[in-house]
Amino acid sequence: MVFPHLSEVQSSITLLMLLAGVGLILPTVIDRNSTFQRSLVLGLAALLAGRYAFWRITETVAPFGLTMDMLASWSLLALEMLALVGSMSAFLIMSRQRGRSDEATEHAGWWGEKSPRVAILIATYNETLDVLERTVVGAKSLRHDNKEVIVLDDGRRDWLRDYCESQQVRYVRRPDNKGSKAGNINHTLALLAADPVPPDFVAVLDADFVPHRGFISRSMALFHDPTVGLVQTPQHFFNADPIQHNLGLSRSYPDEQRFFFDHMQPCRDGWGIAFCCGTSSMVRWSALQEIGGLPTESITEDFMLTLTLQNAGWKSVYLAEPLTEGLAPEGLKEYVTQRARWCLGLMQIARSDLGPLGKNKLRLRDRWSVADSVFYWLTTFPFRLAAIVYPLLYWFGNVTVVDARLPDVISYFGAYYLWILIVLNTLSRGMVIPILNDVSQLIGAIPISRAAIVGLIKPKGHPFSVTAKGGDRTRIVVQWRMMAPFAVLLGLTLLGLVIGIFWDRFAFSDAGDGKWVVLFWTIYNLFVLSVAIIACIELPRRERHVADAPEKARFDTGEKQRDLWIASLKSDTVRLRGHPYAEGTRGRLAIRDVGEVEAYVIATLADGARLHLLPTDEQREALLLRFYAEDNMPGIARVRATAMLRDIARRLSFSSDSS
């Protein structure tokens, strides 16, 4: 598109300015719940993607021949086109969505006066008591009356058996760990089948996920449809994930899984392909009995459970409400291990009888659902690595990877890339931040790419890795092994750029305008790699409840009572504002929904004091319910742009006041 009186480059930039103008007004005019409007903007994205792909294939790759140019150029093109196919699949999924909150409200209590019996299964292996007790306490406090809480201990720990006895919840252990988590649950399902009164529904919670009080009643409302076999709810987290925390963004940037749970799962539900994510789900007992329990052929038994149910004619639906909150992996190693396990499990499913090409009764859309996930894991992360490595081939080997004119790069790639950012941020309310999204992919790109390839070639015989939770997080820990490849790539990228600037014989001219493409990605990669390195420096953590709000409390020292403000409340300490107290001052602090808690001052502050709490066992449980079981929205649900920029500046200044 060439505008009169403008050069080709100026015309291309004008096109981007037009798209940017549309992007400014789009959020104010689009109805995100309208399938037609979603399809319209995503359809335009698909057209621009197709236009870009045609240009890339026909005009930018090296000619055939036994050259490094040809090998590098066509291999990058292949990776990029596969990633583009995955993007097109995601665009199609996002063209519709379904919300079921009104349906859950309409059918609340459909079961009548007699409540269905619900078994709440808490699977555990090596979690500590402080992790488990909040889950057990939260499960016991669910509003549903006809329930049984069952702790499934694959660690065979006597202290946990004694704790369950003190809490009057059922404790189950088995002689071996065959089948890992799925085998643990199946063992308990067999015991429940032998009970005089088996449950009508089974709820599954990970050991570190605390249910909100309405988890059962809201989820079970969707079982009014007798064909629904499974209801999945989103996973929210009361702590920041490693990338949020290490970059100091825990109060301004959502956790990495928010886009999936808040946007992709409702869209998948619009197509009838929402899938189980393990914890925070409920399953109909008769459906579980029909399929013989959880499948054990994949280490991601939750996704495979969905396919097994759908293969038997049962529906899986999604209720996008914050009904549980859990502990996100606190360390980068655990974060990456978890995602590599998800990737490996998905590849095992793809190679199983329930895969896209398997002999089964799955609908075409169910097969598409698996294929879409395969494309995500198999292309996103290798392509992220390729985008870092391939520019180095030019700087150090004079390899022309992309041969393109600058006006065409701006017109074809720039228009496609800009429109994708506009549409995704419009539909997700600003969830897609380029450099931060790239860092979240790059951090685990190497092990995840390895898991994807190995899982497809050899799906069997891989050990189950449990995501470690809890532990000492009070020190700065530098993940040197994870940082090393990013540091090497950063050094090479910076070296190639600097030498190319100061030494003409190093920066060859063979690539023509293609140098602009290399230059753009080189500079962009410098930012991505730098942020990735910072993310590998794990900062100390302290207990924080992001959903807390200031509230009044009365502190009685025996001599005088004062109404003060609670500025920060934890399980063992509280910060009060409104009146300073001398260290050692003792008294009783009246806390909402907890009662009068014994406390004494451990630090005098300019506007108040910090107190150490001495709660009774009952009061401690009440505090746990306050922190984790309230019907609220834990964590950060959307990007807070101004706060995010401020937090990034603070983190880059290495301020001690990090999130």
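Because the structure is predicted, anything quoted here is derived from the model rather than measured. Atoms considered below: every heavy atom in the structure, side chains included; atoms not considered: hydrogens, waters and symmetry mates.
- When side chains are defined from C-beta on, Arg339 counts as touching Gln257, because their heavy atoms get closer than 4.5 Å.
- At a threshold of 4.0 Å, the pair Asp31-Arg38 does not count as salt-bridged, since none of the basic side-chain nitrogens sits closer than that to a carboxylate oxygen.
- Val370 pairs in a side-chain contact (heavy atoms from CB on, under 4.5 Å) with only one of the listed residues (Leu307, Leu354, Leu357), which is Leu307.
- Across all non-hydrogen atoms, the minimal contact from Ala535 to Ile443 is CB-CD1, 4.2 Å.
- Looking at Thr60 and Trp55, their side chains never bring a donor and an acceptor atom within 3.5 Å of each other.
- Taking the charged nitrogens against the carboxylate oxygens, Glu538 and Arg475 have no contact shorter than 4.0 Å, which rules out a salt bridge.
- Between Arg650 atom CZ and Leu249 atom CG the span is 10.0 Å, to the nearest 0.5 Å.
- Under a 4.0 Å N-O distance rule, the pair Asp647/Arg251 does not qualify as a salt bridge.
- Between the side chain of Asn437 and the main chain of Ile433, a donor-acceptor pair closer than 3.5 Å is present.
- With respect to Glu8 and Arg405, a salt bridge is recorded, a charged nitrogen being found less than 4.0 Å from a carboxylate O.
- Nearest heavy-atom pair across Ile410 and Ser12 is CG2-CB, 3.5 Å.
- Note: Thr522 OG1 to Leu392 CG = 7.0 Å, rounded to the nearest 0.5 Å.
- A side-chain donor-acceptor contact under 3.5 Å links Trp74 to the backbone of Ala62.
- Of the possible polar contacts, one joining the Asp241 side chain to the Ile243 backbone as a donor-acceptor pair under 3.5 Å is found.
- Residue Gly414 comes nearest to Leu16 through the heavy atom pair C-CD2, 3.4 Å, listed as atom of the first residue, atom of the second, then distance.
- Annotation: the span from Ile435 atom CD1 to Tyr524 atom OH amounts to 5.5 Å, rounded to 0.5 Å.
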Leu92 and Trp271: CA distance, side-chain angles, deciding distance, side-chain contact (heavy atoms from CB on, under 4.5 Å) verdict: CA-CA 10 Å; Leu92 184 56; Trp271 289 92; 4.0 Å; yes

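- Contact annotation: the side chain of Ser411 approaches that of Arg51 to within less than 4.5 Å [non-hydrogen atoms, C-beta and beyond].
- Taking the six-membered ring where the residue is Trp, Phe259 and His263 present tilted rings, their angle falling between 30° and 60°.
- The main-chain N or O of Leu539 is found under 3.5 Å from a side-chain atom of Asn246 such that the two form a donor-acceptor pair.
- Using modelled atom types, no side-chain atom of Glu334 and backbone atom of Pro329 make a donor-acceptor pair closer than 3.5 Å.
- Between the side chain of Thr300 and the backbone N or O of Phe303 there is no donor-acceptor pair closer than 3.5 Å.
- Between Asp438 and Leu442 there is no side-chain heavy-atom pair separated by less than 4.5 Å.
- The ring of Phe275 has its center closer than 6.0 angstrom to the ring center of Phe260.
- When all heavy atoms of Arg258 and Pro234 are compared, the pair lying nearest together is NH2-CB, 4.3 Å.
- With hydrogens and angles ignored, the 3.5 Å screen pairs a side-chain donor or acceptor of Gln235 with a backbone N or O of Cys277.
- Residues Asp302 and Gln232 fail the side-chain proximity criterion, which asks for heavy atoms closer than 4.5 Å.
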Check against salt bridge (Lys or Arg N to Asp or Glu O under 4.0 Å), Asp262 and Arg429: CA-CA 11 Å; Asp262 293 356; Arg429 302 179 188 274; over 6 Å; no

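- Side-chain contact between Phe237 and Leu327 is absent, with no heavy atoms from C-beta onward closer than 4.5 Å.
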Met644 vs Leu436, side-chain contact (heavy atoms from CB on, under 4.5 Å): CA-CA, chis, key distance, verdict: CA-CA 11 Å; Met644 184 182 70; Leu436 294 179; 3.8 Å; yes

Verdict with reasoning, Val61 to Asp403, per side-chain contact (heavy atoms from CB on, under 4.5 Å): CA-CA 6 Å; Val61 290; Asp403 182 12; over 6 Å; no

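- Salt-bridge annotation for Asp372 and Arg268: present, with a side-chain N of the basic residue lying under 4.0 Å from a carboxylate O of the acidic one.
- Residues Lys181 and Asp206 meet the side-chain proximity criterion, which asks for heavy atoms closer than 4.5 Å.
- In this model, a donor atom of one side chain and an acceptor atom of the other lie less than 3.5 Å apart for Tyr390 and Ser75.
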Derivation of the side-chain contact (heavy atoms from CB on, under 4.5 Å) call for Ile420 and Phe91: CA-CA 10 Å; Ile420 290 302; Phe91 295 164; 3.0 Å; yes

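- Between Leu497 atom CG and Leu492 atom CG the span is 12.5 Å, to the nearest 0.5 Å.
- With rounding to the nearest 0.5 Å, the separation of CD1 in Ile25 from OG1 in Thr426 is 10.5 Å.
- The backbone N or O of Glu80 lies less than 3.5 Å from no partner atom in the side chain of Arg56, so there is not a single donor-acceptor pair.
- Formation of a donor-acceptor pair under 3.5 Å by the Ser73 side chain with backbone atoms of Met70 is not found in this model.
- Within the 3.5 Å criterion, the main-chain N or O of Val401 finds no donor-acceptor partner in the side chain of Asp69.
- Looking only at side-chain heavy atoms (C-beta outward), Val402 and Leu77 stay at 4.5 Å or farther from each other.
- In terms of heavy-atom proximity, Met264 sits nearest to Ile93 at CE-CG2, 3.8 Å.
- With a 4.5 Å cut-off on side-chain heavy atoms, Ser449 and Trp377 do not count as touching.
- Remark: Gln265 CD to Ile273 CD1 distance equals 9.0 Å, nearest 0.5 Å.
- Taking all atoms of both residues into account, the shortest heavy-atom contact from Ala371 to Pro356 is N-CG, 4.0 Å.
- Taking the six-membered ring where the residue is Trp, Tyr52 and Tyr416 present parallel rings, their angle staying beneath 30° rather than reaching 60°.
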